[in-house]
Amino acid sequence: MNVGRRKALQGTGGAAVLGLAMAAGLFRPGTAWAADWNKAAFDTKSLNDAVKAMGGAGAAESKDITITSPDIAENGAVVPFTIASKVPNTAAIAILVEKNPNILAANFDIPQGTEPWVNTRVKMGQTSNVIALVKTADGKFHYASKEVKVTLGGCGG
Amino acid sequence: MKNTKIIVLAAAVAVAAGCASMTQRDDAALNAKALELMKASFREQGIAKLDRLIQDDVQRLCSEYSGDKTLPKDVAERIEKAEQATIKYPADGKYLGDWKNGERIAQTGVGMQFSDTAGAAAGGNCYACHELTKQELAFGTIGPSLYNFGKIRGYTPDMQKYAFGKVYNSEAYSACSNMPRFGHNKILTEQQIKDVVALLMDPDSPVNK
Amino acid sequence: MADPMKIRANMVGDKVEVKVLMSHEMETGQRKDAKGATIPAWFIQNVTATHNGKTVLSAEWGPAVAKNPFLSFRFAGGKPGDKVAITWTDNKGDKRTDEATIAA
Amino acid sequence: MRRIVPAIFMAAAAAAFAQQSNTVQEIEKYRAALGDGNPAELWEARGEAIWKEKRGPKNASLEQCDLGLGAGVVKGAYTVLPKYFKDSDKVEDLESRLVTCMVTLQGFTPEQAKKDPFGGPGKKVAMDALVAYITAESRGMKMSVAATHPKEIEAYELGRKMFFFRGGPHDFACATCHGVDNQRIRLQDLPNLTKQEDARKAYTSWPAYRVSQGEVRSFQWRLYDCFRQQRFPELEFVSPASIALTMYLAKNSNGGTFNAPSIKR
């Protein structure tokens, strides 16, 4: 990952404007897009805004959520995460990368009978806090976070 | 399976024996053949023309004295002397540029590849081989650690001049060094080398923190 | 048409562990090509996994999910021989469903 | 100057050690986490389908291609390559041999067969899928490149010369990075390819899914991109020099257990 790529990831003027418009209530989340894809949430830049876009008021830090990942990623294009939740009645698990252009990477709905446990891989534009956000069946949000360092690799060219 | 092993072993012996009995003339013929093979197998692309396969004395001698062959002392001295004479020190006598630019140059590995555009500023890619600062964890170990470079050696004008010369033409100080001759081969400009020297020698540089 | 997924489903204790690899560019919409033009976003938005017609996982993804995505999860109630089906849909409306049999 | 330097660096290196070993551990964790679920499997599946598909002017599959162990034998074939082939009177590596078979069996012109050697964003090519499939069929088997035919021996010797050849604006040779033990470029370990143990470990881990590119990369690509970063001109796909160098590296890895396609940074 070189400097050019970092810049490219930051160049999100248009999306930022759209995000603001949405925050101001000009667009209703999820209208002109696939009904089951929460565009508003995927456009947010902060944990608070993401939680709001997902229908919550705020999120409380929780020790019942574990994020398993290396502390250092050899390449930001693929960073593996396993999220496990012991929060009672976990109904959804989301992965957020604080310093990505848009914070929300993925959201998993966990029906009853499915373990509150997912393993997937996300892109990270740079070293960042990664947040695991858990939504419970009664609509409350909990989170845990950890920093993952993204390094440069190889011959650098 | 057993058969295969015997064949492999026989081949190894044959190759080893071939090396041992190889005369200097055979070796020169093999060098020539390898060069022919390469000329037929590489094609010019973008800024990388086929003349890059033509070796200068340093490249030729250092290729020859590699692998099992060690570099004779007199050859090393010859190379160092000749390369020393190529170093062009700054006309203004100033060796220190901006360490912040130096850090960027140290981080960047682009430049002079066939995928790069002509005239675009190249990097020095120092971190590929050297530790420089405590902030950058991803550093290589092909070259020695340069952390606290100036702090350890003293921030003297002589040391500044040495650092400039070493980056300009490493072969002048250590024949057949793996380090590119950044100034001599016009990879970095004089100003860029000054910036790298500042990264190493400026007391405010993170290298010396 | 998109390439098939690679799905593995195995019993781990009394649960089924599913591992899926999908073939997809997952283009962010933030990258530029050699000529400086922005490469449009192209990524999987929805993933649904079903077992005997019941949804066992559904996901919404953004472009920050890695290229050629990998996903693993575990659910209860499955047994060897049962089928697990996975469907993804991307932002261009492309869609693909594949199936795997749960191994012992 | 050169002589006083090491003592000073030793002290700095010792101080850096604690932090460094932690970094290396975390990178190991990263690699381990990716090991389970290698997208190269997607290429292997596609490659097997292409191997069996009737293609080209002769509308034939590649199933009768002799990869070195006889017509149609895929299992273990990669462990004996590169190899001299009588029919083409050439030493060939896997990619070169596939080109030969695409020409003789399927009726493609050599230019057509060589046209798309490597995949890229949005561009899927047959070659790297075939390579992924065929190499995967050698997983777990020991490398055993013969190098007994005079042309094989010559290729090995020429490959060795290439390995130590310094050139270009940066004075780089393969040996610059791959001729010494226990070195790293950035955080990546550099195998010493002149030594059997390292050569085994390195050669048997290609092809690989490169997460930085999202592609399966063949050994031909590995050499092509090494020379790009060495600042050499462009190494032509399946060129004699590329095969000679592959011969040198493959033979040095003899006895190593093949374990690819792997997954790398």
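Bear in mind the structure is a predicted one, so any value in this text is a computation, not a measurement. Quick note on labels: first sequence line is chain A, next is B, and so on, each numbered from 1.
Put simply, the side chain of D:R186 gets close to the backbone of B:A138: a donor and an acceptor are under 3.5 Å apart. At least one donor-acceptor pair under 3.5 Å links the side chain of B:Q55 to the backbone N or O of D:R166. No donor-acceptor pair closer than 3.5 Å links the side chain of B:R43 to the backbone N or O of D:E236.
Each of B:H130, B:E171, B:Q59 has some count of heavy-atom pairs under 4.5 Å with chain D, and the biggest count is that of B:Q59. Taking B:I54, B:N148, B:L37 one by one and counting their heavy-atom pairs under 4.5 Å with chain D, the maximum is reached by B:L37.
Both the backbone and the side chain of D:T176 come within contact range of chain B, each with at least one heavy atom under 4.5 Å from a heavy atom of that chain. Neither the backbone nor the side chain of D:E152 comes within contact range of chain B; no heavy atom of the residue lies under 4.5 Å from a heavy atom of that chain. Interface residue D:N182: only backbone heavy atoms are found under 4.5 Å from chain B. With a threshold of 4.5 angstrom between heavy atoms, D:L190 approaches chain B through side-chain atoms but not through N, CA, C or O. Using a 4.5 Å cut-off between heavy atoms, B:I142 contacts chain D through both its backbone and its side chain. D:F172 touches chain B through its side chain: at least one heavy atom from C-beta onward sits under 4.5 Å away, while N, CA, C and O do not.
Ring pair D:F232/B:F42 is tilted by interplanar angle, where 30° to 60° counts as tilted.
A salt bridge is absent between B:K33 and D:E157: the closest approach of a Lys/Arg side-chain nitrogen to an acidic carboxylate oxygen does not fall below 4.0 angstrom.
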